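Here is the naming used below: chain letters follow the sequence lines, and residue numbers restart at 1 for every chain. Note that this is a predicted model, so its numbers are computed, not measured. Below, all heavy atoms of this structure are taken into account, side chains as well, without hydrogens, waters or symmetry copies.
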Number of protein chains: 2
Amino acid sequence: MTIQESGAARPAGRPRSEKAEKAIIEATLDLIGEGTGISELSIEAIASRAGVGKTTIYRRWSNKEDLVVDALATLKAPLPSLTGTSVRDDLISLLDAMRRDAGETRSRCVINIAMSEADRYPQLVARFLNRAVEPRKEAMRDVIERGIATGELRPDLDVAMGAAILTGTMLWHTKWAPAGALAPDLAERVVDAVLAGMAPLT
Amino acid sequence: MTIQESGAARPAGRPRSEKAEKAIIEATLDLIGEGTGISELSIEAIASRAGVGKTTIYRRWSNKEDLVVDALATLKAPLPSLTGTSVRDDLISLLDAMRRDAGETRSRCVINIAMSEADRYPQLVARFLNRAVEPRKEAMRDVIERGIATGELRPDLDVAMGAAILTGTMLWHTKWAPAGALAPDLAERVVDAVLAGMAPLT
DNA sequence: GGTTTACGAAACGGGACCGTTGCGTATCGG
DNA sequence: CCGATACGCAACGGTCCCGTTTCGTAAACC
């Protein structure tokens, strides 16, 4: 028994460069964030932008889909911490996080993939949605349920519908806002409008 | 002066086949409706599906973008006729039209293009949005304004925000409805939920 | 019949990527 | 120093699509 290394039995030879690995994933996320669809995402483009040989990519991932999965997995989803003081404030926090994300290339990855590639890469998108949007959806559901319990929201409110209205409205704005400028108070206005409803006070 | 034809001075030789023209446009719309992005849309694929030589396509359109514009232009946008009996009914009609469209390949073209290609083909998308979504947006705005005037909607309602809430919510459902099945009563439920708002009656 | 134009099919040279391989160099352990 | 492995780079044959050209045929006009 010559091998007696400490723990993880380090293989001989030059170790793989973590820097290269990061550069590859960064490049991948950059391209996706810029609107490149998964189908048009090319290994050569990733390698070129990462300043890396194609070999280095193929040595780690056997196909494009695996690389994309790993790249997206590094996108951690830091949920905004909720103050819990009022349901209105918490909803604004959640929606304002969406607004802020809409401006960042990195966070655009989520929305770009989910929007355009859902039909063609259903399993990839599904695996990823569970990680990125499910926690947010759950957080919003919790807030809404709490609001119903405390009387801040109407008792007969359909929780799923409420969440759909709020997120759908924000999503609509992030995609088709005039001139792409998202007003800083957008989340607040959306929440207040949705809370109040369109019907007049009877 | 030999040329003295009746009216449109028909050019000599075999006339262009209208059937081929239609087949090309049909094939284009099919592919887009199936989720093919504009960037990956290839002339060869269109020609193949249309049962047509590439020559026949290039003879009519000098580039892919022109073809796509013409193809999308044939998508007429039959707005649902509004009964005008009540604002609630009209809003349901408008939203239910969205729900029905979401199931048809042809109508999916609009949403697919607008969603995924907005960044890369801004002028094409813009030209097309004016034709397809602007009339609908305007119809909804009219209905909402009428509702405000008749007292069916709250007088302080932000018209644009109201339209965003309704269309955004429907859009959210059409894209991410569980199992892709859109319940027939979805439009009604959305309208009622949005009208009522989430806040309890004070 | 003769002319003119459109048609579908096939082939062209050119470009982008594919996934793989070989090369010379760099970096680790022994 | 030596063997092993990773590195960036360049090149390979292969596939897909590009936009163009050529070919034989089809359909309109005179």
Specify the separation, in whole Å, of atom [atom1] of [X] and atom [atom2] of [N].
{"X": "A:Glu40", "N": "D:dC17", "atom1": "CD", "atom2": "C1'", "result": "14 Å"}
{"X": "B:Ile43", "N": "C:dG15", "atom1": "CD1", "atom2": "C1'", "result": "17 Å"}
{"X": "B:Lys19", "N": "D:dA28", "atom1": "NZ", "atom2": "P", "result": "12 Å"}

Should A:Arg16 be listed as having a side-chain N or O under 4.0 Å from OP1 or OP2 of D:dA6?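 Result: yes.
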Nucleotide-resolved protein contact map, nucleotides 9-15 of chain D, B/S/- at heavy-atom distance under 4.0 Å: B-B----
Could you check whether A:Arg108 pairs with A:Glu34 (Lys NZ or Arg NE/NH1/NH2 to Asp/Glu carboxylate O, under 4.0 Å)?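 Salt bridge: no.
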Do [X] and [Y] touch side chain to side chain, with heavy atoms closer than 4.5 Å?
{"X": "A:Ile113", "Y": "A:Tyr121", "result": "no"}
{"X": "A:Thr169", "Y": "B:Trp172", "result": "no"}
{"X": "B:Leu124", "Y": "B:Ile38", "result": "yes"}
{"X": "A:Leu171", "Y": "A:Met115", "result": "yes"}
{"X": "A:Leu91", "Y": "A:Val190", "result": "no"}
{"X": "B:Arg136", "Y": "B:Asp101", "result": "yes"}

Taking the minimum atom-to-atom distance to the side chain of B:Ser42, which one of C:dG8, D:dC18, C:dT27 wins?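 Nearest to the side-chain atoms of B:Ser42, counting from C-beta on, is D:dC18.
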Please answer whether the main-chain N or O of A:Ala47 pairs with a side-chain N or O of A:Lys54 as donor and acceptor at a distance below 3.5 Å.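 Judged by distance alone, no pair lies under 3.5 Å.
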Report yes if a donor N or O on one partner sits less than 3.5 Å from an acceptor N or O on the other, where the partners are the side chain of A:Arg14 and the base of D:dA6; otherwise report no.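 A donor-acceptor contact between them is present.
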Can you list, by residue number, the residues of residues 56-67 of chain B that have a non-hydrogen atom closer than 4.0 angstrom to DNA chain C?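 Close to the strand are B:Thr56, B:Arg59, B:Arg60.
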If you assign each of B:Gly13 and B:Glu21 to its closest nucleotide in DNA chain C, which residue comes earlier from the 5' end?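 Taking each residue's closest nucleotide, the earlier one in sequence belongs to B:Gly13.
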